[in-house]
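See structure below.
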2 protein chains.
Amino acid sequence: MQQSIQLSVDAVVFGYEAGNISILLIKRKYEPFKGKWAIPGGFVLDDESLEEAVERELKEETGIKINYLEQLYTFGKPNRDPRGRVVSIAYFGLIRPNAFKIYASTDAAQVQWFHIDELPELSFDHKEILDAAIKRLKAKITYEPLGFELLDNKFPFSDLEKLYSTLLGREVDRRNFRKKIIGLNVLDELDEKVSKGSGRPANLFQFNKKRYFHLKKEGIIFEI
Amino acid sequence: MQQSIQLSVDAVVFGYEAGNISILLIKRKYEPFKGKWAIPGGFVLDDESLEEAVERELKEETGIKINYLEQLYTFGKPNRDPRGRVVSIAYFGLIRPNAFKIYASTDAAQVQWFHIDELPELSFDHKEILDAAIKRLKAKITYEPLGFELLDNKFPFSDLEKLYSTLLGREVDRRNFRKKIIGLNVLDELDEKVSKGSGRPANLFQFNKKRYFHLKKEGIIFEI
DNA sequence: CCAAAAGTGTTTCGATTACACCCATGC
DNA sequence: GCATGGGTGTAATCGAAACACTTTTGG
């Protein structure tokens, strides 16, 4: 049994900021698809775990270190890579774009956030991977609390609300949403206010980590 | 970039019959773990897709051809296989145990259905894979219609009900369950009855394939 | 006629939805 | 004082849950 299959990992990284969902892409420095945009990723080394591989590649290619990464799906069609048989394990991650400075390095000629509705043409079968990731992300918010990974440590309630309405692609009722979230008991209200220039200043909240991760594990069903 | 990682696929196959959930295991013919039980699976060939690989291995090792297979998760810890670095893509499948005759062949010394509560010790990290599969199966029935793959073509309503109560591990209200399922419009009622020896004979139903797969794709939320 | 499983409706309860006005601040 | 975003409660509606008796057959 001698195989010549190579193994890679790829990461779809979602960022959220001020009502915009974006995705982190790199411009490829080498063939194949030189000069084209792609999801960050690369080959797995013999002695590292898959998670270590994604984290390393992300760091190398884009400069970010991500806190939330989840395995998405494994793509393995025989001809998905022109270099030969490459099977790729795709991950998806969430991050606050402003939490890290992105910079191109090995393998990447350039790194850039793209708005989810303005994506360039992608290399390999990365469009397919990305579509799967978007689908998963949208499904996730209906059965898990989400936000900790995407919002600042302290945030006004309206940020969370806008995050959800953006991800859901529709308006949410402000009062009902607040009731629901407060009822989940994942937020701690702080004795701090913030003003956005005009209007009444908002109370700041932060996620109660313990309760948050507990709920994630339980897989709370949670309709907005 | 020269890797020496090998790629395999494994399949957790669930069977259901008369109120019992069982899992298909093989007894390994060769080292490592010779003589121990394991999930069927094996190495991916260079020119076949991952799905083709699982189907082939299942056929070779157990004799079954499965209609419903879904990718579960990819396991890739560096030391999960004593032979070296092997990354395995796990699938899970559903089947009616009586639909196929199982028989051992290549790589397998024996093939057997095990009741889900009476599993033997397993090789490699297969216990972990199995646990993930069980978790997924139990989650699935709450957001997808399920049953087509596990029940006979024609079945009395009580079979579906028993399937659900078994998978959920609790009683379901007969009237409410029936209302719910009928409301989904996935069943066609036949003009045929079947008697189970005693009691009133039951009407037979069958799944309306078109509607069933439509609902699956939509990902209906469906609380029992 | 008795045992055994199938079939069937209504009421109760809780959760989701819809909806509008006052509050605190900056300019 | 006015423009801007923040904060709050109640009534109506819908879906889920609870619940028990009648029907059909075999023995």
Side-chain angles (χ1 to χ4, degrees), chain A residues 17-19 141-143 145 147 151-152 154-166 168-206 215 218-224, chain B residues 18-19 141-145 147 151-152 154-166 168-206 215 218-224:
Chain A
E17 199 167 18
I141 59 171
T142 71
Y143 63 80
L151 296 179
D152 290 333
K154 303 170 178 183
F155 55 88
F157 208 91
S158 55
D159 275 15
L160 188 58
E161 188 197 318
K162 194 182 286 178
L163 169 61
Y164 266 82
S165 61
T166 304
L168 291 167
R170 62 178 166 85
E171 295 289 301
V172 299
D173 183 283
R174 199 145 50 94
R175 278 174 288 191
N176 293 338
F177 182 73
R178 194 178 181 109
K179 252 182 292 180
K180 188 92 175 209
I181 302 284
I182 298 290
L184 288 179
N185 241 314
V186 280
L187 293 185
D188 293 333
E189 187 161 7
L190 303 175
D191 243 350
E192 235 177 303
K193 292 186 194 304
V194 69
S195 169
K196 282 196 176 163
S198 80
R200 175 177 175 174
N203 260 338
L204 289 178
F205 289 82
Q206 66 185 17
L215 266 195
E218 299 295 305
I220 279 314
I221 285 200
F222 168 75
E223 293 175 25
I224 299 296
Chain B
I141 59 171
T142 72
Y143 63 82
E144 283 196 3
L151 296 179
D152 290 333
K154 301 171 181 184
F155 55 89
F157 207 92
S158 56
D159 274 15
L160 187 59
E161 187 196 319
K162 193 182 285 177
L163 169 60
Y164 266 82
S165 63
T166 304
L168 290 166
R170 60 178 167 85
E171 295 288 303
V172 299
D173 182 282
R174 199 145 48 94
R175 279 172 288 190
N176 293 338
F177 181 73
R178 195 178 181 108
K179 253 182 289 179
K180 188 95 175 203
I181 301 285
I182 298 291
L184 289 179
N185 242 315
V186 280
L187 293 185
D188 293 333
E189 187 161 7
L190 303 175
D191 242 351
E192 237 177 302
K193 292 184 194 305
V194 68
S195 168
K196 281 194 177 165
S198 80
R200 174 176 175 174
N203 260 339
L204 289 179
F205 289 81
Q206 66 184 18
L215 267 195
E218 298 296 304
I220 279 315
I221 286 200
F222 169 75
E223 293 175 24
I224 297 297

Output the rounded distance in Å from [atom1] ([X]) to [atom2] ([N]).
X: A:Asp159; N: D:dG5; atom1: CG; atom2: C1'; value: 12 Å
X: B:Arg178; N: D:dG15; atom1: CZ; atom2: C1'; value: 20 Å
X: B:Leu160; N: C:dG7; atom1: CG; atom2: P; value: 12 Å
X: B:Leu184; N: D:dG15; atom1: CG; atom2: P; value: 13 Å
X: A:Phe177; N: D:dT8; atom1: CZ; atom2: P; value: 15 Å

When the side chains of residues 193-200 of chain A are checked against the rest of the protein, which donor-acceptor pairs come out under 3.5 Å, sequence neighbours left out?
unit_1: A:Lys193; atom_1: NZ; unit_2: A:Asn203; atom_2: OD1; d: 3.1
unit_1: A:Ser195; atom_1: OG; unit_2: A:Gly197; atom_2: N; d: 3.3
unit_1: A:Lys196; atom_1: NZ; unit_2: A:Asp159; atom_2: OD1; d: 3.2

Under a 3.5 Å distance rule, please check whether A:Asp152 uses its side chain to pair with a backbone N or O of A:Lys154 as donor and acceptor. no

Which is more 5' along DNA chain C, the nucleotide nearest B:Phe205 or the one nearest B:Ser198? Just name the residue.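 Looking at the nearest nucleotide for each, B:Ser198 comes out on the 5' side.
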
Search all heavy atoms of B:Thr166 against all heavy atoms of B:Lys162 and return the closest pair with its distance.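 The pair with the smallest heavy-atom distance is OG1-O, 2.7 Å.
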
Any idea which heavy atoms bring B:Pro145 and B:Leu215 closest together, and the distance?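 Taking B:Pro145 first and B:Leu215 second, the nearest heavy atoms are CG-CB, 3.9 Å.
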
Is A:Ser158 near enough to D:dG6 that one of its side-chain N or O atoms lies under 4.0 angstrom from OP1 or OP2?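 Affirmative; the distance criterion is met.
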
In this structure, CZ of A:Arg178 is separated from CZ of A:Arg174 (nearest 0.5 Å) by 8.5 Å

What's the spacing between A:Ile141 CD1 and A:Leu168 CG if we round to 0.5 Å?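 The distance works out to 3.5 Å.
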
Test B:Leu187 against B:Phe157 for side chain to side chain contact (heavy atoms under 4.5 Å, CB included), laying out the working first. CA-CA 10 Å; B:Leu187 293 185; B:Phe157 207 92; 3.6 Å; yes

Grab the N/O contacts between the protein and nucleotides 22-24 of chain D below 3.5 Å, and write none if there aren't any.
unit_1: D:dT23; atom_1: O2; unit_2: B:Arg200; atom_2: NH1; d: 3.0
unit_1: D:dT24; atom_1: O2; unit_2: B:Arg200; atom_2: N; d: 3.3

Between A:Tyr164 and A:Phe177, how do the two ring planes meet: parallel, tilted or perpendicular, split at 30° and 60°? tilted

Mind listing the N/O atom pairs, protein and nucleotides 17-20 of chain C, below 3.5 Å?
unit_1: C:dA18; atom_1: N7; unit_2: A:Asn176; atom_2: ND2; d: 3.0
unit_1: C:dA18; atom_1: N6; unit_2: A:Asn176; atom_2: OD1; d: 3.2
unit_1: C:dA18; atom_1: N6; unit_2: A:Lys179; atom_2: NZ; d: 3.4
unit_1: C:dC19; atom_1: N3; unit_2: A:Arg175; atom_2: NH2; d: 3.4
unit_1: C:dC19; atom_1: N4; unit_2: A:Arg175; atom_2: NE; d: 3.4
unit_1: C:dA20; atom_1: N1; unit_2: A:Arg175; atom_2: NH1; d: 3.2

